[in-house]
Amino acid sequence: MNMMSGLGRPRLQTMLSAGQDALRIQQELAGQRTNLVAELLRDEGEFFEHEHYPDGDVFDPMTGAQYYYHAHRGDGREHGHFHVFMRPHHLPESFEPVRHTRPGVGRCAGERKVGRCWPRGDAALAHIVGISMDNYGLPVRLFTVNRWVTDESWFSARDVIAMLDRFDLRHGYPSSGLNRWMVSILRLFHPEIAELIRRRDAAIEARAKANPRADALEDRSLEVTASIDISVERRVRQLRRSLNG
């Protein structure tokens, strides 16, 4: 599928600018004999699987953007991955989690109970995308996940896609280069991320139809709902051809 077909020139130019910035950051770090993951973990001490890095996550209270890095899959291609979020409470629009009734439990009354109610208000969390990083600290895959994976408050694909352009990090912790790169990656692969989010909802709907007596959002057999391999260099080349053709 050609994710760039039908995109207007302004969107393509935005994507190219983001891609050039992401590529420049990767190359500058490589010139310093380091990489994005090493930059993140530089002052973190020993690296442990399942732990969040940095401790307490990266969060911008001005925009609601948030991310962390961890590892747990044992995939030979992947060193670890970023989970990228927005906190909708920080957005000017009113985003509300979907109205969801867990089979056999009933609707949450508002308080958070593990396995029953989702975080609300300023604790609400919307997962945007995961970014898999290889052993050289470069991005190789984008993916979306089921609700239980990150204990998020489930928002519709339409709302999550609307949050995507608002993701921004305006501070330099833990690394200004890494934060700029993160924002650039979401701009560069906007079409792919939007499609993955739509496929996420389709996967949940299909699982719910297949087993209507269970809660698809809590189904531990469904973790990754959609994924796609990526290359920053290849995307930048594609964009240059599209804009110069």
Please tell me if the side chains of [X] and [Y] come closer than 4.5 Å, counting only heavy atoms from C-beta onward.
X    : Y    : value
I204 : L222 : yes
M182 : L36  : no
Y136 : H79  : no
E233 : Q26  : yes
F167 : V183 : yes
R166 : T63  : no
E96  : D159 : no

So, the side chain of [X] versus the backbone of [Y]: is there a donor-acceptor pair under 3.5 Å, distance only?
X    : Y    : result
R235 : L188 : yes
D60  : R170 : yes
R33  : G31  : no
T14  : P10  : yes
D201 : A157 : yes
Y69  : G80  : yes
T225 : N146 : no
S153 : P97  : no
R87  : A123 : yes
R9   : L243 : yes

> Does the side chain to side chain contact (heavy atoms under 4.5 Å, CB included) test come out yes or no for L41 and Y53, once each step is laid out?
Replying inline: CA-CA 7 Å; L41 301 177; Y53 293 91; 3.7 Å; yes

>> Tell me whether the rings of H81 and H70 are parallel (<30°), tilted (30 to 60°) or perpendicular (>60°).
In response: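 Ring orientation of H81 relative to H70: perpendicular.
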
> Which word best sums up how the rings of H90 and F59 line up, parallel for under 30°, tilted for 30 to 60°, or perpendicular for over 60°?
Replying inline: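 Aromatic pair H90/F59 classed perpendicular.
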
Mind listing the closest non-hydrogen atom pair of [X] and [Y] along with its distance?
X    : Y    : value
H127 : R200 : O-NH1, 4.4 Å
V145 : H83  : CG1-CE1, 4.4 Å
R141 : I230 : N-CG1, 3.7 Å
F155 : A124 : CZ-CB, 4.3 Å
A194 : I161 : O-CD1, 3.6 Å
L169 : A65  : CD2-CB, 3.9 Å

> Under the salt bridge (charged side-chain N to carboxylate O under 4.0 Å, His left out) criterion, do D229 and R77 qualify, and how do the steps go?
Replying inline: CA-CA 12 Å; D229 290 347; R77 187 186 179 200; 3.2 Å; yes

Modelled atom types, side-chain donor and acceptor of [X] and [Y], under 3.5 Å:
X    : Y    : value
R24  : Q27  : no
S221 : R207 : yes
S132 : E78  : yes

With a 4.5 Å cut-off on side-chain heavy-atom distances among I, L, V, M, F, W and Y, is there a chain of contacts connecting [X] to [Y]?
X    : Y    : value
V140 : L29  : no
F85  : I197 : no
F82  : L125 : no
L142 : L138 : no
Y68  : V224 : no

> What do the steps show when you test L7 against M15 for side chain to side chain contact (heavy atoms under 4.5 Å, CB included), and what is the final call?
Replying inline: CA-CA 10 Å; L7 297 178; M15 291 166 60; 3.8 Å; yes

>> Tell me which one of V129, D57, I128, L178 satisfies side-chain contact (heavy atoms from CB on, under 4.5 Å) with Y67.
In response: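 Answer to the side-chain contact (heavy atoms from CB on, under 4.5 Å) test with Y67 among V129, D57, I128, L178: L178.
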
> For atom OH of Y173, is the number of surrounding heavy atoms from other residues, nucleotides or ligands below 6.0 Å larger than 12?
Replying inline: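 For Y173, atom OH is crowded (more than 12 foreign heavy atoms under 6.0 Å).
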
> Could you walk me through whether K209 and E205 pass the salt bridge (charged side-chain N to carboxylate O under 4.0 Å, His left out) check?
Replying inline: CA-CA 6 Å; K209 287 181 178 178; E205 183 179 356; 3.3 Å; yes

